[in-house]
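One structure is given below, encoded as structure tokens.
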Amino acid sequence: MEAEKNQEKTDRNYLCYFGVRYPVREVDGWHVSTKQFESVLRRDSLLLMEAIDILEGFFYFLDEELFHSLSDEEIYRLINRL
């Protein structure tokens, strides 16, 4: 039962896009992911409406290392500088 709860929590922190899981965080209502995911979405947005819709749902993209190392508060400060 505990493993199921952990899997559900993990699934909420990722978005599965064409079979690949990309990390996603919500910081103060803003959706944030990695620049790698942004790159995939921008490439696909030339042909797929789904990619455009997903891309529009994100506010900020970070390098993979920063995405995983920064706290929500630090990401919030970055977002508010924009």
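Residue numbers run from 1 in the order of the sequence given.
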Rounding to 0.5 Å, atoms CD (Glu65) and NZ (Lys35) come to a distance of 12.5 Å

How many angstroms lie between CG in Asn80 and CH2 in Trp30, if you round to the nearest 0.5 Å? 8.5 Å

Between CZ of Phe61 and CZ of Arg42, what distance do you get to the nearest 0.5 Å? 7.0 Å

CD1 (Ile54) and CE (Met49) are apart, to the nearest 0.5 Å, by 11.5 Å

In this structure, CG of Asp28 is separated from CD1 of Ile75 (nearest 0.5 Å) by 12.0 Å

Considering all heavy atoms, the nearest Ser45-Ala51 contact: N-CB, 3.7 Å

Minimum heavy-atom distance Phe59-Ile79, with the two atoms named: CE2-CG2, 3.2 Å

State yes or no: do Leu41 and Phe18 share one hydrophobic cluster built from I, L, V, M, F, W and Y residues joined by side-chain heavy-atom distances below 4.5 Å, directly or via other members? yes

Do you reckon Val40 sits in the same ILVMFWY cluster as Val24, going by side-chain contacts under 4.5 Å, direct or chained? yes

Below 4.5 Å, heavy atoms only, C-beta onward: do Glu38 and Phe58 meet side chain to side chain? no

Beyond-backbone contact of Asp44 with Tyr17, side-chain heavy atoms, under 4.5 angstrom: yes

Any idea how Tyr22 and Phe37 line up, ring-wise: parallel (<30°), tilted (30 to 60°), or perpendicular (>60°)? parallel

Quick one, Glu74 and Ser69 - any side-chain contact, counting heavy atoms below 4.5 Å? no

Any donor-acceptor N or O pair under 3.5 Å, side chains Tyr76, Asp72: no

Examine distances only and state if a side-chain atom of Thr34 and a backbone atom of Asp63 form a donor-acceptor pair shorter than 3.5 Å. no

Taking all non-hydrogen atoms of both residues, which atom of Ser33 and which atom of Pro23 are closest, and how far apart? OG-O, 2.5 Å

dist Leu48:CG -> Arg43:CZ (nearest 0.5 Å) comes out at 9.0 Å

Less than 4.5 Å apart, side chain to side chain, heavy atoms only: is that true for Leu70 and Leu78? yes

